[in-house]
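Structure, as structure tokens:
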Amino acid sequence: MKVQVCIIGGGPSGLLLSQLLHLQGIDTIVLEKHSRDYVLSRIRAGVLEHGFAALMREAQCGERMDREGEIHEGFYIAHDDVMDRVDLNKYSGGSSVVVYGQTELTRDLYEARDKMKGNVVHNVADAAPHDLKSDAPYVTYRDGDRLVRIDCDYVIGADGFHGVSRTSIPKDVLREYERLYPFGWLGVLSRTKPVSPELIYSKHERGFALCSLRSQTLSRYYIQVPLTDKLEDWPDDAFWAELKRRLPQDVAAKLVTGPSIEKSIAPLRSFVAEPMRYGRLFLAGDAAHIVPPTGARGLNSAASDIYYLYHAMVDHYKKGDDSGLEAYSQKALARVWKAQRFSWWMTTLLHRFPNNTPYDDKLQETELQYLFSSEKALGSLAENYVGLPF
Ligand SMILES: Cc1cc2nc3c(=O)[nH]c(=O)nc-3n(C[C@H](O)[C@H](O)[C@H](O)COP(=O)(O)OP(=O)(O)OC[C@H]3O[C@@H](n4cnc5c(N)ncnc54)[C@H](O)[C@@H]3O)c2cc1C
């Protein structure tokens with residue numbers, strides 16, 4: 001089989017690119033390792049930059065997002081039993097974010113692919129890109145006993161952090177930058193009314209907490225936990241009790257608790273792989289970079305890669321102009337590193353670091369005091385949170 005663009009990975013990055021290219025008459029195939037049900041069972045991101053929302057609309061996938069997603073024009077930072085609001089709208093010059101779950105967004109992308117009869121193959125085993133430095137790359141995978149070969153012009157590695165694409169780049173070409181944080185986030189999803197219509201990021205001496213939501217009936221809460229903690233250590237009652245301790249008293253008093261419908265622990269990690277292009281292979285999304293979830297940049301950084309790749313591919317196929325493809329890695333990485341910086345800053349501002357000295361703690365407190373005493377500092381936070389321009 002021959003296609004123009006072979007995409008490894010059927011997460012949001014791969015599906016969105018495939019949908020956008022198909023609408024421009026560019027032929028794609030998406031190869032996904034897992035079943036659709038499995039992909040749709042993963043509970044992940046929930047805060048979308050306005051630029052990402054615009055890209056979903058351009059992909060003709062924005063209808064439900066616009067109907068059911070919530071526009072948020074601000075969020076709170078809780079500390080020392082007070083709540084300070086960050087007015088995104090005011091400090092970003094009129095912008096906002098959309099709260100809409102990654103699961104729902106991925107469902108919309110799958111449905112759009114189905115509607116256009118897009119080629120999405122699930123349960124592919126042993127996907128492997130070949131001859132990436134030649135003009136005729138191809139990808140193989142196993143379908144039962146059968147080895148399938150897809151010839152293509154370009155391979156997109158959109159197969160997440162644990163995928164095969166990044167590891168296909170020779171070690172002497174790839175540079176990896178990484179920071180591991182000495183804690184993780186324990187997350188709980190519950191069918192309860194959110195404690196606040198807007199997100200609350202809470203800095204507390206017992207550790208960070210986040211009150212997030214997917215809708216007005218579905219809440220997502222997180223608490224910072226040591227990396228050694230296991231899910232068995234956190235029955236629902238223990239989770240709710242600890243979350244309440246880390247919130248201002250009046251917020252804790254309002255918290256509606258209920259059975260968890262999903263519970264997981266995610267380690268916090270910052271990671272970037274450079275370059276994001278090797279011959280005819282282009283990496284996108286978590287395959288090339290990940291951030292701690294503080295600041296909600298992960299999925300949004302994936303979206304900016306897709307924006308650059310989409311335009312570069314259209315210029316290549318429609319105008320014979322390869323400048324976008326040539327500049328892709330450099331352009332994408334420039335924005336990726338800004339998202340890394342912002343995520344690192346938010347994480348450092350709000351978490352309890354076990355090895356901090358009293359001096360470090362004082363600096364952290366001062367950073368927060370400075371933030372809420374300076375409109376310029378709030379402006380910087382707001383412009384990063386709503387999303388820097390593509
Ligand atoms: C707990 C948690 C909370 C998060 N919260 C936020 C948030 O609030 N805001 C935010 O912006 N981001 C958040 N993120 C990050 C966000 O979920 C990711 O950045 C996003 O999923 C990246 O999309 P992707 O398509 O690049 O990668 P993925 O979603 O990882 O998709 C990659 C796909 O490739 C498939 N695959 C893997 N290997 C292979 C292979 N060998 N062959 C074929 N297919 C393969 C996988 O099954 C998967 O479906 C969060 C992440 C986690 C884990």
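One-based numbering, in listed order, for ligands and for the atoms of each. All residue numbers refer to positions in the sequence shown, counting from 1. These numbers were taken from a predicted model, which means no experiment stands behind them.
- Every atom of ligand 1 with a heavy atom of Asn300 under 4.0 Å away is listed here by number and element: 11 (O).
- Relative to atom 22 (C) of ligand 1, the option among Thr106, Leu210, Asp286 with the closest non-hydrogen atom is Asp286.
- Applying the 4.0 Å criterion to heavy atoms of Leu31 picks out, from ligand 1, the atoms 43 (C), 44 (N).
- With a 6.0 Å radius and a threshold of 12 heavy atoms from other residues, nucleotides or ligands, Arg179 has its CZ atom at or below the threshold.
- When each atom of ligand 1 is checked for a heavy atom of Arg297 under 4.0 Å away, the hits are 11 (O).
- Here Ala158 has backbone heavy atoms under 4.0 Å from ligand 1, and that is the only part of it that gets that close.
- The Ala127 neighbourhood of ligand 1 comprises atoms 42 (N), with distances under 4.0 Å to a heavy atom of that residue.
- For Phe183 and His351, the ring centers are positioned less than 6.0 Å apart.
- Salt-bridge check for Glu176 with Arg166: passed, with a basic side-chain N closer than 4.0 Å to an acidic carboxylate O.
- Close approach of ligand 1 to Gly160 (heavy-atom distance below 4.0 Å) involves ligand atoms 27 (O), 30 (O), 32 (C).
- In this pair, Phe282 and Tyr328 present their aromatic rings perpendicular. The plane angle is above 60°, beyond the 30 to 60° band.
- Nearest non-hydrogen protein atom to atom 41 (N) of ligand 1 is Val164 CG1, 3.8 Å.
- Contact annotation for Ile290 and ligand 1: no heavy atom of the residue comes within less than 4.0 Å of the ligand.
- Comparing heavy-atom distances from atom 31 (O) of ligand 1 across Gly11, Gly9, Gly295 singles out Gly11 as nearest.
- In this structure, atom 16 (C) of ligand 1 lies nearest to the protein heavy atom Gln102 OE1, 3.5 Å.
- For the side chain to side chain donor-acceptor pair (under 3.5 Å) condition, the pairs that include at least one residue of residues 6-21, sequence neighbours left out, are Ser18-Thr28, Ser18-Arg113, Gln19-Arg113.
- Of all non-hydrogen atoms in His72 and Ser96, the two that sit nearest each other are O-CB, 3.3 Å.
- Residue Gly163 has at least one heavy-atom neighbour below 4.0 Å for each of these atoms of ligand 1: 38 (N).
- When Leu40, Leu48, Leu299 are checked for heavy-atom proximity to atom 11 (O) of ligand 1, Leu299 turns out nearest.
- The closest approach between a heavy atom of Gly46 and any atom of ligand 1 is below 4.0 Å.
- Residue Ala45 holds the heavy atom nearest to atom 14 (N) of ligand 1 of all those in Ser35, Ala128, Ala45, Gly184.
- Between atom 37 (C) of ligand 1 and the options Thr103, Asp159, Leu199, Leu105, the minimum heavy-atom separation is to Asp159.
- Checking Gly187, Gly298, Pro12, Gly10 against atom 23 (O) of ligand 1, the nearest heavy atom belongs to Pro12.
- Nearest-residue assignment for atom 48 (C) of ligand 1 (options Arg42, Lys33, His34, Arg44; heavy-atom criterion): Arg42.
- Short contacts between ligand 1 and Ile8, defined as distances under 4.0 Å to a heavy atom of the residue, involve ligand atoms 42 (N), 43 (C).
- Geometrically, Arg297 does not engage Phe342 in a cation-pi contact defined by less than 6.0 Å to the ring centre and at most 45° from the axis.
- Remark: His311 pairs with Tyr307 by the side-chain contact (heavy atoms from CB on, under 4.5 Å) rule, at least two apart or across chains.
- The residue from Trp337, Trp344, Phe271 that alone fulfils the ring-ring contact (aromatic ring centres under 6.0 Å, His included) condition with Tyr177 is Trp337.
- Between Arg85 and Glu198 there is a salt bridge, since at least one side-chain N of the basic residue sits less than 4.0 Å from a carboxylate O of the acidic one.
- Ligand-side atoms of ligand 1 in range of Gly285: 26 (O), range being under 4.0 angstrom from any heavy atom.
- Look at Lys115 and Glu63 and you find no salt bridge, because none of the NZ, NE, NH1 or NH2 atoms lies under 4.0 Å from a carboxylate O.
- Protein heavy atom at the shortest distance from atom 35 (C) of ligand 1 is Glu32 OE1, 3.1 Å.
- At the shortest separation from atom 25 (O) of ligand 1 among protein heavy atoms lies Ser13 N, 2.9 Å.
- When ring centroids are compared, Phe239 and Tyr221 stay outside the 6.0 Å threshold.
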Please lay out, stage by stage, how Leu88 and Tyr385 fare under the test side chain to side chain contact (heavy atoms under 4.5 Å, CB included). CA-CA 8 Å; Leu88 291 174; Tyr385 197 88; 3.7 Å; yes
